[in-house]
> 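Below is one structure. I have some questions about it.
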Amino acid sequence: MLSAYLNCFKIPELRKRLLFTFAMIALVQLTAAIPCPGIDPGRLKELFGNLNSDAGASGIMGMLNLFSGGAMEKFAIGALGIMPYISASIILQLMTPVIPALSKMTREGESGMQQYNFIMRLLTVAVAIVQGIMFSMAMMEPSRVGLGNVSVVSNPGLGFIIQTIIILTGGSMFITWLGEMVTERGVGNGASLIITVNIVARIPSALVSLYQMVFVGSSTGENQLTILHLLLLLVLFVAVTVGAIILTEGMRKIPVRYPQTRSYAGIMGRGANVQVTYIPLRVNYANVMPIIFAGAILSFLEMGLRYLPMNAATQWLATRLAYGSFGYLLLYALLLLLFAFFWVANQFNPIQIADDFQKNNGYIPGIRPGKPTSDFLDHAMTRITLAGALGLLVLAILPMVLATSFLKIPHTIAQFFGGTSLLIIVGVMLDTMRQIQTYLISRNYDGFLSKGILRNGRVM
């Protein structure tokens, strides 16, 4: 394993790409350290202390703080991070099958993709402006988002809002550009890698909190963890990580046969007139999208309740939908399952796949071409999606259970035991490792595994 890391820097092209990626990531981290003007740092630190003490009070602010690598709690110029770009990308992906003009662009080759990417950048700016308005107003009225009543803005008003929108939007677009540069000239997908690095950057603070809970808290007599709790958490972390890898890599291979041409079959010999390929149906086809959608909707619902006049009805609803309550977990589970099937229905088109098979004389063994093939794929994908959604649900609610159970694990620690954080880290790390592995194998170097076992791009 260690030799594989050393081999990475023996290949000139890979070394150049790795160093470029490290430089871009360093610039991203720099944007998380430069605060926006007009904010009192001391009061801001006190304000965001509620994010660690009350996971439910953070809402979407906590998610953005995690994805920005802690830039939000400093209210830095990179506070929005790359999330506006991710949001714009998700919106366009959902709109492409519905709007024929967008669908046509994706099929027009390089020129069409240039127009598509231009629209995505414009939408990114629009999303960044909207989020900039929301968070500048949240800083002026933190009680509205459940962060307390501490005043952190020196001169609140329209001037502060406009100034903050310009700075946050510019910082977000700069990070988006850095992500595109990493994708083009570095290693891995830039946007995903930036989010992963920002999440991993929160691990040291989580380890410090865990150390204080186990060793410092035991001496003060506070409600803290013991060594036994720590060992159980380590075992749970390993088990959850293995489960996340299985969920990310799990797939069902559907065999597809294509008849070969007579000349090719003659070269290969008798019995070689059929080519067998596979169509992979991923268990977790939607990846982390259902978790993000469900969490965002509940966060906006919670935020909307805070703006409503407080009476018996709103108080009852706010109590039933409090973070970690049974009502919250039930609604979260329903939304997650709904969005898992919605994403698959929107992105996976069995009718088109069956038509492509028929046009190329391909068929699934034992299944008639045409509608029977599309029905078979739809039925298989539905069952696989249900299994994946249930596994995703377990990973999604585990951090909530740890944060709200008798252990009272802080949200900064619990978020690494499942949910969006762990799935993003696992998925991006595996994809980046596969890309580096390709460079190593193509140059006749040993990969990350001592016995070089990579089959069809998957670690075996």
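The analysis underlying the following values was restricted to heavy atoms, covering all of them including side chains, and did not include hydrogens, waters or symmetry mates.
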> Regarding K359 and D355, does a basic nitrogen lie under 4.0 Å from an acidic carboxylate oxygen?
no
> Write down the atom of G132, the atom of L168, and the distance for their closest heavy-atom approach.
CA-CD1, 4.2 Å
> Do L234 and V238 come close enough that some side-chain heavy atom pair is under 4.5 Å?
no
> With side chain to side chain contact (heavy atoms under 4.5 Å, CB included) as the test, would you mind laying out the steps for I424 and I199 before giving the verdict?
CA-CA 9 Å; I424 289 177; I199 295 175; 4.2 Å; yes
> What is the minimum heavy-atom distance between F348 and I353, and which atoms define it?
CE1-CD1, 3.5 Å
> Might you point out which heavy atoms bring A71 and A79 nearest each other, and give the distance in Å?
CB-CA, 3.8 Å
> Going through the checks in order, is the side chain to side chain contact (heavy atoms under 4.5 Å, CB included) test met by Y332 and I397?
CA-CA 9 Å; Y332 186 85; I397 65 175; 4.2 Å; yes
> Taking the side chain as every heavy atom from C-beta outward, state whether W343 and N287 have any atom pair closer than 4.5 Å.
no
> Around atom CG of L317, are there more than 12 heavy atoms of other residues, nucleotides or ligands at under 6.0 Å?
yes
> Kindly assign one of parallel, tilted or perpendicular to the pair F339 and F342, based on the angle between their ring planes and the thresholds 30° and 60°.
perpendicular
> For residues 172-182, which side-chain N or O atoms pair as donor and acceptor with protein atoms under 3.5 Å away, sequence neighbours left out?
from	atom 1	to	atom 2	distance (Å)
S172	OG	G81	O	3.0
T176	OG1	S172	O	2.9
E180	OE1	R121	NH2	3.4
E180	OE2	R121	NE	3.4
E180	OE2	R121	NH2	3.4

> Backbone N or O of G190 within a donor-acceptor pair of the T183 side chain at under 3.5 Å?
yes
> For residues S136 and M139, determine if any side-chain heavy atom of one lies less than 4.5 Å from a side-chain heavy atom of the other.
no
> Contact between Y85 and V127 at the side-chain level, heavy atoms closer than 4.5 Å - yes or no?
no
> Which heavy atom in A201 sits nearest to a heavy atom in P204, and how many Å separate them?
O-CD, 3.3 Å
> Can you list the residues that meet the salt bridge (Lys or Arg N to Asp or Glu O under 4.0 Å) rule with R383, with sequence neighbours excluded?
none
> Between R252 (side chain only) and V283 (backbone N and O only), is there a donor and an acceptor less than 3.5 Å apart?
no
> List the steps, then state whether side chain to side chain contact (heavy atoms under 4.5 Å, CB included) holds for M429 with T196.
CA-CA 8 Å; M429 291 297 184; T196 302; 4.0 Å; yes
> Atom CE in M83, atom CD1 in I194: separation rounded to 0.5 Å?
12.5 Å
> Check the side chains of T21 and R17 for a donor-acceptor pair under 3.5 angstrom, ignoring hydrogens and angles.
no
> Could you tell me the separation between the CD1 atom of I129 and the OG1 atom of T124, rounded to the nearest 0.5 Å?
11.0 Å
> Please determine if R434 and E249 form a salt bridge, counting it only when a charged side-chain N lies under 4.0 Å from a carboxylate O.
yes
> Could you pull out the closest heavy-atom pair between P100 and V98, with the gap in Å?
CD-O, 3.4 Å
> Is there side-chain contact between D378 and T382, with heavy atoms separated by less than 4.5 Å?
yes
> Contact between L395 and F417 at the side-chain level, heavy atoms closer than 4.5 Å - yes or no?
no
> Show me the side-chain donor-acceptor pairs of residues 157-166 shorter than 3.5 Å, one per line, residues at least two apart or across chains.
from	atom 1	to	atom 2	distance (Å)
Q163	NE2	P37	O	3.2
T164	OG1	F160	O	2.7

> Is R185 atom CZ crowded by more than 12 heavy atoms from other residues, nucleotides or ligands, each under 6.0 Å away?
no
> Any idea which heavy atoms bring M72 and F135 closest together, and the distance?
CE-CG, 4.1 Å
> Start with the C-alpha gap between M381 and V344, add the side-chain angles, then the distance that decides, and say whether side chain to side chain contact (heavy atoms under 4.5 Å, CB included) holds.
CA-CA 8 Å; M381 196 65 193; V344 172; 3.7 Å; yes
> Compare all side-chain heavy atoms of R282 with those of I384 and state whether any distance is below 4.5 angstrom.
no
> Keeping the roles fixed (side chain from N360, backbone from D356), state whether a donor-acceptor pair exists under 3.5 Å.
yes
> Out of curiosity, L14 CG to Q435 CD, how far, rounded to the nearest 0.5 Å?
9.0 Å
> Nearest 0.5 angstrom please: T31 OG1 to I167 CD1, how far?
13.0 Å
> Tell me, do F416 and L422 make a side-chain contact under 4.5 Å, heavy atoms counted?
no
> Supply the atom-to-atom distance M134 CE to L80 CG, rounded to the nearest 0.5 angstrom.
10.0 Å
> Output the distance between atom CE (M251) and atom CG (L281), rounded to the nearest 0.5 Å.
9.0 Å
> Counting N and O atoms only, with roles assigned by atom type, does the side chain of S192 sit under 3.5 Å from a partner on the main chain of N189, one being a donor and the other an acceptor?
no
